[in-house]
Amino acid sequence: MFVLIVGCGRVGSGLARSMLSEGHTVSCLDQDPESHARLELDMEQSWEEAGGTFTVGAALESGALEVAGIERADAFVAATNGDNTNIVISQIARKRYQVDTVIARILDPWRAEWYREQGLEIICPTRVAIEMLEDGLHRAAGKTGGS
Amino acid sequence: MYVVVIGAGKVGFNLTRELVGQGHEVTLIESNRHRYLGVEQLLEHRVLYGDGSELWVLERAGIERADLVIAVTGDDEDNILICQVARDKYGVGRIIARANNPNNRQHFDLLGIKPVVSATDAILRLLEHEVPQRSLVRLLDLEAEEIEIVEMRVGENSPVAGRTIAEIEIPDHTLLISIIRSGHGFVPNADSKLQVDDDVLAVLDPEREEELRRVFGA
């Protein structure tokens, strides 16, 4: 599977490395050339030697998306640090380039919820964190027997 | 009319001031604290501090009862999102978006966000009109209505130079509406003769542009 990941921060780069190690073709796009270094953390060879590709460019620039291979991507992940950027580029990936699987990372739970209702596939780490913290606190409350 | 403006930069601030002056009710949303404080001194309660792409901020501004939402932040993705949410979630009847980067117009189009205002495009268009680089200049483009007004220069080798309007084979769905000669414009009739260096204004279906270009040898 060809995976295009836009936004090469902690989430994007981590995902890119695991997808590549699973044998997928992985292309990353980020406007910051320095973010390339994150791809090579804990790796013995360079990202490119390992078979990955990296493109420097703005997420909203169609030219950059095309250089990064959006036209042949099977999956598209929007993981930039801007919720609005992720929402807009996900819609572009789906509507203009007809990418089969499009997933966006949205931090704001309210925006996430509404766009999910509109049919976008969305991961909301804030929501996930709240639920996990709730679980942790529920367990603690169970231990102390408090109410 | 109740208007919500997002982004208190030069455009948003001046727009708000003008709209207030025209008697409209306006709320201006700004997310930069420093800028908010500056603008708030002049526009007082009309300014709301917050991120205009957060739904609760828009709701606090009363977006549900807005007649018009104008997104003029410096970020095109923010402007797209705000307009999309205003229209689709809150049912706002009219939206206006600003495109900071003219290359992003395609994204606004793709997501059906219109009308879109771009200062760069507007200046380029003016420049084309003032200093024509091309033989055909679009003066007005009503995309939804599929109609446009163009200006063409009659060049020295143009096949229409020296001929009357009646003698020219004008494409269907095209109307020559005026001739500008030495800075003076007039509405031609069938007997008006075109001269070299005339600027001719035509209203037409955009699909006819190529045909018209050919007739004028442009």
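The structure presented is a predicted model; accordingly, all values stated were derived computationally and were not measured. In what follows, chains are A, B, ... by sequence order, proteins preceding strands, each numbered from 1.
Proximity to chain B involves both the backbone and the side chain of A/W110, based on heavy atoms less than 4.5 angstrom apart.
In this structure, B/R65 places its CZ atom where more than 12 heavy-atom neighbours from other residues, nucleotides or ligands lie under 6.0 Å away. No more than 12 heavy atoms of other residues, nucleotides or ligands lie within 6.0 Å of CD in B/E169, so this atom counts as exposed by the packing criterion. At most 12 heavy atoms of other shown residues, nucleotides or ligands fall within 6.0 angstrom of atom CD in B/E207. The environment of B/Q41 atom CD is sparse: at most 12 non-hydrogen atoms of other residues, nucleotides or ligands sit within 6.0 angstrom.
Contacts with chain A (heavy atom to heavy atom, under 4.5 Å) involve these residues of residues 84-116 of chain B, listed by number: B/Q84, B/V85, B/D88, B/K89, B/N101, B/N103, B/N104, B/Q106, B/H107, B/L110, B/L111.
Looking only at side-chain heavy atoms (C-beta outward), A/Y115 and B/L81 come within less than 4.5 Å of each other.
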Residue pair B/E77, A/L60: steps toward the side chain to side chain contact (heavy atoms under 4.5 Å, CB included) verdict: CA-CA 8 Å; B/E77 42 271 66; A/L60 230 52; 3.5 Å; yes
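For A/R111 (side chain) and B/L55 (main-chain N/O), no donor-acceptor pair under 3.5 Å exists by modelled atom type.
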Do any side-chain atoms of residues 117-131 of chain A form donor-acceptor pairs under 3.5 angstrom with protein atoms, and if so which ones, sequence neighbours left out?
| unit_1 | atom_1 | unit_2 | atom_2 | d |
| --- | --- | --- | --- | --- |
| A/T126 | OG1 | A/L107 | O | 2.4 |

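Interface summary for chain B: among A/D108, A/N84, A/I87, A/V88, the most heavy-atom pairs under 4.5 angstrom belong to A/N84.
With rounding to the nearest 0.5 Å, the separation of CD1 in B/I80 from CD1 in A/I89 is 11.5 Å. Remark: B/D75 CG to A/T85 OG1 distance equals 6.5 Å, nearest 0.5 Å.
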